[in-house]
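The basis for the numbers below is simple: all heavy atoms, side chains too, and nothing from hydrogens, waters or symmetry mates. Since we're looking at a predicted model, the values are computed, not measured.
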Amino acid sequence: QVQLVESGGGLVQAGGSLRVSCAASGRTFSSYTMGWFRQAPGKEREFVATIWWDGRIFYATSVKGRFTISRDNAKNTVYLQMNSLEPEDTAVYFCAAGRGPLPGTATAYDYWGQGTQVTVSS
């Protein structure tokens, strides 16, 4: 069982930066693929970024070059650094842990956090 708790969301102006974090419980964190997803009001949850257990990284096209995912296995934490934020980035951001294939899809993940709100004002 893995429990995930996101933090670091908030309100930021367009063009600004924000870092959200996800702290995981459990001793097997390093073996999990960790992903970030987001869900805007009235929209489906969408993939943002993923980092495999071995450090490989994959981003959604919409955030590539602006967002950076990283993990610190010693702290059981995954981060999402978000730069050059746009109003379209406004959403609840969720972290997830899993070992399934196709980590760009929600079905690859078994555990989800409660989410943290990120609001970008224009």
Side-chain angles (χ1 to χ4, degrees):
Q1 190 77 7
V2 176
Q3 293 184 328
L4 304 172
V5 179
E6 300 96 336
S7 63
L11 174 64
V12 63
Q13 289 187 331
S17 298
L18 204 61
R19 187 178 80 161
V20 291
S21 303
C22 173
S25 66
R27 293 175 291 179
T28 58
F29 172 80
S30 62
S31 69
Y32 281 91
T33 295
M34 299 300 297
W36 284 98
F37 288 74
R38 67 186 181 185
Q39 188 166 17
K43 295 187 177 181
E44 294 186 353
R45 190 169 298 189
E46 67 171 354
F47 168 74
V48 175
T50 189
I51 182 165
W52 273 263
W53 62 272
D54 60 1
R56 288 176 293 150
I57 289 172
F58 180 66
Y59 295 102
T61 301
S62 59
V63 306
K64 194 171 185 180
R66 301 188 299 122
F67 290 11
T68 301
I69 188 172
S70 61
R71 66 191 298 163
D72 185 338
N73 289 336
K75 296 182 178 180
N76 280 14
T77 302
V78 62
Y79 305 96
L80 186 68
Q81 175 68 43
M82 303 180 287
N83 299 327
S84 302
L85 282 160
E86 304 167 352
E88 293 75 21
D89 296 316
T90 295
V92 177
Y93 283 71
F94 299 89
C95 72
R99 293 175 173 148
L102 303 177
T105 61
T107 56
Y109 300 90
D110 302 306
Y111 305 102
W112 292 83
Q114 293 299 308
T116 185
Q117 176 70 47
V118 171
T119 302
V120 185
S121 63
S122 58

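For Gln114, the CD atom counts as loosely surrounded, since its 6.0 Å shell holds 12 or fewer non-hydrogen atoms of other residues, nucleotides or ligands. Annotation for Gln3: atom CD does not count as buried by contact number, only 12 or fewer foreign heavy atoms lying within 6.0 Å.
Using a 4.5 Å heavy-atom cutoff, the side chains of Thr33 and Tyr109 are in contact. Between Ser31 and Arg99, some side-chain heavy-atom pair lies under the 4.5 Å cut-off.
Shown are Thr50, Asp72, Ile69, Val20; of these, the side-chain contact (heavy atoms from CB on, under 4.5 Å) with Val78 is made only by Ile69. Applying the ring-ring contact (aromatic ring centres under 6.0 Å, His included) test between Phe37 and each of Trp112, Tyr93, Phe94 identifies Trp112 as the sole match.
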- Does the side-chain contact (heavy atoms from CB on, under 4.5 Å) test come out yes or no for Arg38 and Ser62, once each step is laid out? CA-CA 12 Å; Arg38 67 186 181 185; Ser62 59; 3.6 Å; yes
- Message: side-chain contact (heavy atoms from CB on, under 4.5 Å), that's the test. Do Phe67 and Leu80 meet it? Break it down for me.
- Response: CA-CA 7 Å; Phe67 290 11; Leu80 186 68; 4.1 Å; yes
- Task: Let me see the working for Val118 and Met82 under side-chain contact (heavy atoms from CB on, under 4.5 Å), right down to the final yes or no.
- Result: CA-CA 10 Å; Val118 171; Met82 303 180 287; 3.9 Å; yes
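Ring geometry for Phe47 versus Phe58: interplanar angle under 30°, hence parallel rather than tilted (30 to 60°).
Cation-pi geometry between Arg71 and Tyr32 is not met: the NZ or CZ atom fails to fall both under 6.0 Å from the ring centre and inside 45° of the normal.
Linking Ile, Leu, Val, Met, Phe, Trp and Tyr whenever their side-chain heavy atoms come within less than 4.5 Å leaves Tyr59 and Tyr79 in two separate clusters.
Annotation for Ser21 and Thr77: closest pair CB-CG2, 4.3 Å, computed over non-hydrogen atoms.
When atom types are taken as modelled, the side chain of Glu6 and the backbone of Gly115 share a donor-acceptor pair closer than 3.5 angstrom.
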